[in-house]
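Report on the following structure.
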Number of protein chains: 2
Amino acid sequence: MAASRIAPAMNAVAHPSVCPRQCEDCGLRRSPAFTPASAAELETIESLRSGSLSVPAGGTLIRERQLNARLYTLYSGWAMRYKTLSDGRRQILNFLLPGDLAGLQQQFGEVSSHGVEAITDCHFCLFEDDALWSLYREHARMGYDVTWLAAREESLVDENLLTTGRRSAPERVAMLLMQLHRRLERLGLTAADGSAPFPINQQHIADALGLSLVHTNKTLRRLAQMGLHELSGGRLRILNARVLARIAEFYDSIPRLAPLL
Amino acid sequence: MAASRIAPAMNAVAHPSVCPRQCEDCGLRRSPAFTPASAAELETIESLRSGSLSVPAGGTLIRERQLNARLYTLYSGWAMRYKTLSDGRRQILNFLLPGDLAGLQQQFGEVSSHGVEAITDCHFCLFEDDALWSLYREHARMGYDVTWLAAREESLVDENLLTTGRRSAPERVAMLLMQLHRRLERLGLTAADGSAPFPINQQHIADALGLSLVHTNKTLRRLAQMGLHELSGGRLRILNARVLARIAEFYDSIPRLAPLL
DNA sequence: CGCGAAATTGAGTACGTTCAAGAAAAGTGG
DNA sequence: CCACTTTTCTTGAACGTACTCAATTTCGCG
């Protein structure tokens, strides 16, 4: 891509896509989306880290029904949590963006009730086996943070449940577009023109919203023709946030900065 | 009901429906469904407790968009977490049974994104304002437990999202019946004949499953006519667990005992 | 017994699904 | 750089599950 020389940083906060050795050098931490960590906290995190893991697009980080999954922080890329039925029907529970934890539900000795799969090439920060418990013991504050992250993810799933349970197809699509765009914005991943990377296909959208692929396509198309959004070249641009928000009844409060493990 | 004199304990573990003063006397703790707490832990819990709260059936414990909700443990009765859209469409996120926490998501200074309402008369154990943070500081172990509870609730919501997103109406109903029956069983709330208290109406079921009231009724009826379950007098009896489980693809692993705050 | 809430049933409709096929886009290898 | 393959997107048509509307019955309770 010749353009990359001219426009080097699509991300407001550029960071190397591979998780560096030292947490101190962690590019994610430089993002204003996260609470700054104290030196002591950084040290604790670093001591509990056992390396990094790269998963190619489409690769599986945690399998459904897997035992003893580890704990990860997504460093770069998009991933998803999902569940499937025996005949292949799939429900995406939520999308994971940089800074999100993966594997938390599995830290309590139980079988994973969902899978985690990389949507784009992903880099994860990998923690030691008993990292979670150590964290609670050594830094109550950070244990508290983990609970906050868990609660925030649950509220995401809550919203998705309202969406699939009670919203119409256009409402669902509008919701998804607004939600993801807002999350990307917070992470500083939107470009100057307001567009954001959007590496998921219509099958992903359908599986996240509980719709069929065909109907997802038709609904997406209708909203685009109304001039509400633009979706091309793997990027999303919101053209009429007001109307999309009204359709979806999307009103999110500005949350406090997220802690970053 | 004349029968109540003959069969005094519908619950395997009887406990007074009102939360007693001393946690030591807490009837719930005597249930084998929960991990026993050490004397030190009990003391901590008791010190963080600021009393109990009774909410009549239909009453609201936490309003949607409420600020500064407190933290509660449901002591007796059924409650529900829910979200609504402006035109009244309602999605029940999950049902709360004795031992479940309420208000955890709101402990981090944010507005409640869901409501909590009592379905039957409920008694809650109420905690101090900063109880959660104190807990993490004083007993790392119990902070860890809270995260476990949060993770468990999220996995419940995950399952409900799969249900509304991808299961057919009969599958949804079968799932709900099996899920709730299993939870009641674990709490020792099933009678000798296998029946369990089931104080929700078809509107609740519809709102939990993302179905209309009418369709819920027809589906429920069909399953009952197939001899899979019996629903009357506010009680549920599973008549053919095997078939219901197969329809719903309901396979839950036996989880470890739940901690009780 | 009578009232209100909850459950039940039928009829017509609509939203979303499935089936099918073609167009566009994105990779792949020579 | 182009031919070829594969994936993704798009559109039309027929169908079906679930919804809405409406009316009746049953149940719980004072």
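The sequence lines fix the lettering, A, B, ..., with proteins before strands; numbering per chain opens at 1.
- Atom CG of B/Asn201 and atom P of D/dC29 are 13 Å apart (whole Å).
- For A/Lys218, whose side chain is taken as the heavy atoms from C-beta onward, the closest listed nucleotide among D/dC19, D/dA13, D/dC21 is D/dA13.
- Atom-to-atom, CG of B/Asn217 to C1' of D/dA18 comes out at 14 Å; the value is rounded to the nearest Å.
- Comparing D/dT11, D/dA18, D/dC9 against the side chain of A/Gln202 picks out D/dC9 as the nearest.
- Remark: the backbone N or O of B/Arg166 is paired with a side-chain donor or acceptor of A/Arg89 at under 3.5 angstrom.
- Side-chain atoms of B/Asp100 never come within 3.5 Å of backbone atoms of B/Leu74 as a donor-acceptor pair (strictly under, hydrogens ignored).
- At distances below 3.5 Å, at least one donor-acceptor pair connects side-chain atoms of B/Thr120 with backbone N or O atoms of B/Trp78.
- At the heavy-atom level, B/Thr219 lies nowhere under 4.0 Å from the strands shown.
- The nearest whole Å value for the distance from the CG atom in A/Leu220 to the P atom in D/dC9 is 9 Å.
- A donor-acceptor distance shorter than 3.5 angstrom exists from the side chain of A/Arg167 to the backbone of A/Ala248, with no hydrogens or angles considered.
- Considering only residues two or more places apart in sequence or on other chains, B/Glu117 meets the salt bridge (charged side-chain N to carboxylate O under 4.0 Å, His left out) condition with none of them.
- Here B/Gly234 lies out of heavy-atom contact (under 4.0 Å) with every strand.
- Computed from coordinates, the A/His215 NE2 to D/dT11 C1' distance equals 14 Å when rounded to whole Å.
- Closest-nucleotide positions on DNA chain C for B/Gln225 and A/Thr216 were compared, and the one nearer the 5' end corresponds to B/Gln225.
- Using modelled atom types, no side-chain atom of A/Asp207 and backbone atom of A/His204 make a donor-acceptor pair closer than 3.5 Å.
- Between A/Ser168 and A/Val214, the one whose closest nucleotide on DNA chain C sits nearer the 5' end is A/Ser168.
- Rounded to an integer number of Å, the gap from A/Leu213 CG to D/dT11 C1' is 12 Å.
- Distance CZ (B/Arg235) to C1' (D/dC27): 18 Å, rounded to an integer number of Å.
- A/Arg166 has its CZ atom 13 Å from the C1' atom of D/dT20, to the nearest Å.
- Side-chain contact check for B/Leu239 versus B/Leu228: every heavy-atom pair is 4.5 Å or farther apart.
- Taking the 5' to 3' direction, DNA chain C first and last meets chain A under 4.0 angstrom from a heavy atom at C/dG16 to C/dC19.
- Remark: P of D/dG12 and CZ of A/Arg221 are 11 Å apart, rounded to the nearest angstrom.
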